[in-house]
Amino acid sequence: MINSLRGFRDLLPPESDLFTRIEAAAREVFGLYGYQELRIPALEKKELFVKSTGDTTDIVEKEMYAFTDGGGREVAMRPEGTPGVVRAYIEHNLGQTGRNGKYFYIGGMYRAERPQAGRYREFTQIGAEHIGNPSPAADAESISMLVRLLEKAGVEGCSVELNSLGCGECRKTYREILLAFLRARAEKLCEPCRGRIERNPLRALDCKIDGPWLSAEAPKLTLCPACAEHFDTTQKYLGTAGVAYKVNTSLVRGLDYYTRTVFEVRTTALGSQDAVAAGGRYDDLVKSMGGPQAPAIGWAMGVDRVAMLLKDKPAPDTAPKTFIVAASKEAGEKAFALLTALRSAGVSSDFSSFDLSLKSQMRSADKSGASFALIIGEDELKAGTCAIKSLKTRGDQQTVPLSDAPSTLKQLLKG
Ligand code: ATP
Ligand code: MG
């Protein structure tokens, strides 16, 4: 037999139900905040990610599924959603034609990392991007929307960590200071960091190996007055929205395009894969990708990790409410009409095979988790009725005309 690839998995019920619930909660919350859905391709030109996510990031340097397709094009499976959203924003001139620059996406992302619990090669992200608004209120709105979404989905015990990386100007000065610091410690750095500090010294602070001690010892970034004010006001608005957060000056994030606000939502419940969602402001990305000057803020949430957090919570019952059983081919025809009528009336219903014995069909009815079995035997067929048998309280049974079955069931299920 052929198995699935490592790091790629089948989502089976009831886990798949969890994904559906999280996505439904997200859609509801996005509606409250005026976001519209964008469905972007899973495969893009490789160049898109190299230019936006950044060629010195782990995502692009080590984790990307990039290949040359049959037509000789350099392509890549999307490792994250923001580059595709920004490309679509520019390509379709959404700054002019769109409603408010607020977009969300839901979909699979692909990264060739070492699979472990909470870390897969194909995983689902729900992401939100707000393009065209430079205000700190947009930062606070985006973060508070994420917190609301997690609450709505039923996640507890998360904390928000917040930092500001400043603008290009703040970073220019800091780059030199940090580079001098890193050069003096080059022999202590891991191989990849040594290779990339000259090209992107900030990257070292996010390194999984050297990041922790470097963040503790390295000189800290000083924000310019405008960036300091933006950061202050963002925090004021977060306070107004009732969002609890902690400033963490070591938070740098593993993507290149961030400016000013960055944040991460963490949990203590998932061990080392503790990041549930992350994001930040990217004021220069749209322009650098060939679009208009359009400051933006966004985030992405890992649905697989959120699902892990919800695993032990009671799941809503998705079993069909009724199960139809028929004694013969002729009864089967009536039964099929009944199935249709029940579903039209909004009563969920299922069946196995009307060609099987009554006993075997009743076994399937029990296994289905349905509350009621509707049985059309020979007597019922003659009388134009069906027997309704409770599968939860043994022995309860009544017979009703077939045409009354949907309304009777609706009543019974209410009680
Ligand atoms: P990590 O530090 O855990 O590798 P990241 O910084 O690479 O996370 P982002 O690129 O910011 O993650 O993606 C946002 C969210 O997507 C993460 O917070 C996480 O919940 C989820 N995520 C990222 N990579 C994976 C993965 N390989 N498998 C499952 N979820 C993931
Ligand atoms: Mg990662």
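No experiment lies behind these values; they were computed from the predicted model shown. Whatever order the structure lists them in is the order used to number ligands and atoms, beginning at 1.
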Going by the order shown, which atoms of ligand 1 are within less than 4.0 Å of some heavy atom of [X]?
X: Lys208; answer: 1 (P), 2 (O), 4 (O)
X: Gly302; answer: 15 (C), 16 (O), 20 (O), 21 (C)
X: Ala278; answer: 11 (O)
X: Ala275; answer: 17 (C), 18 (O), 19 (C), 20 (O)
X: Ala300; answer: 14 (C), 15 (C)
X: Gly118; answer: 28 (N), 29 (C), 30 (N)
X: Ala277; answer: 18 (O)

Which residue and heavy atom of the protein sit nearest [atom], plus the separation:
atom: atom 28 (N) of ligand 1; answer: Tyr120 N, 3.0 Å
atom: atom 8 (O) of ligand 1; answer: Arg305 NH1, 4.4 Å
atom: atom 26 (C) of ligand 1; answer: Phe123 CD2, 3.4 Å
atom: atom 9 (P) of ligand 1; answer: Arg253 NH2, 3.7 Å

Any nitrogen or oxygen of [X] lying under 3.5 Å from a nitrogen or oxygen in ligand 1? Just yes or no.
X: Val276; answer: yes
X: Ile59; answer: no
X: Glu113; answer: yes

(message) Measuring only between side-chain heavy atoms, which start at C-beta, is Ser164 closer than 4.5 Å to Thr261?
(response)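 Sidechains of Thr261 and Ser164: no contact.
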(request) Check whether any side-chain heavy atom of Arg78 lies under 4.5 Å from a side-chain heavy atom of Leu43, and answer yes or no. (result)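 The answer is no, as the side chains (C-beta and beyond) never meet within the 4.5 Å cut-off.
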(request) Examine Arg185 relative to Phe181 and say whether NZ or CZ is less than 6.0 Å from the centre of the six-membered ring and inside a 45° cone about the ring axis. (result)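 That pair qualifies as a cation-pi contact.
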(message) When you measure from the centre of the six-membered ring of Tyr110, is the NZ or CZ of Arg121 closer than 6.0 Å and no more than 45° off the axis?
(response)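 Relative to the ring axis of Tyr110, which defines the angle, Arg121 lies outside at least one limit.
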(request) Assess the side chains of Tyr89 and Glu129: does a donor N or O sit below 3.5 Å from an acceptor N or O? (result)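 Result is no, nothing qualifies.
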(request) Pick one of side chain, backbone, both or neither for how Arg111 approaches ligand 1, counting any non-hydrogen atom pair under 4.0 Å. (result)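 It is the side chain that touches ligand 1; the backbone stays farther off.
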(request) Give the contacting part of Gln125 toward ligand 1: side chain, backbone, both or neither, where contact means a heavy-atom distance below 4.0 Å. (result)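 Side chain only.
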Using a strict threshold of under 4.0 Å (side-chain N to carboxylate O), is an ion pair present between [Y] and [X]?
X: Arg199; Y: Glu61; result: yes
X: Glu141; Y: Lys102; result: yes
X: Asp256; Y: Arg203; result: yes
X: Glu113; Y: Lys62; result: no
X: Arg196; Y: Glu191; result: no

(message) Tell me if the centroids of the rings in Phe104 and Tyr35 come within less than 6.0 Å of each other.
(response)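 Distance test on ring centres: not under 6.0 Å, no.
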(request) With atom 1 (P) of ligand 1 as the reference point, say which of Gln116, Arg119, Gln273 has the nearest heavy atom. (result)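 The nearest heavy atom belongs to Arg119.
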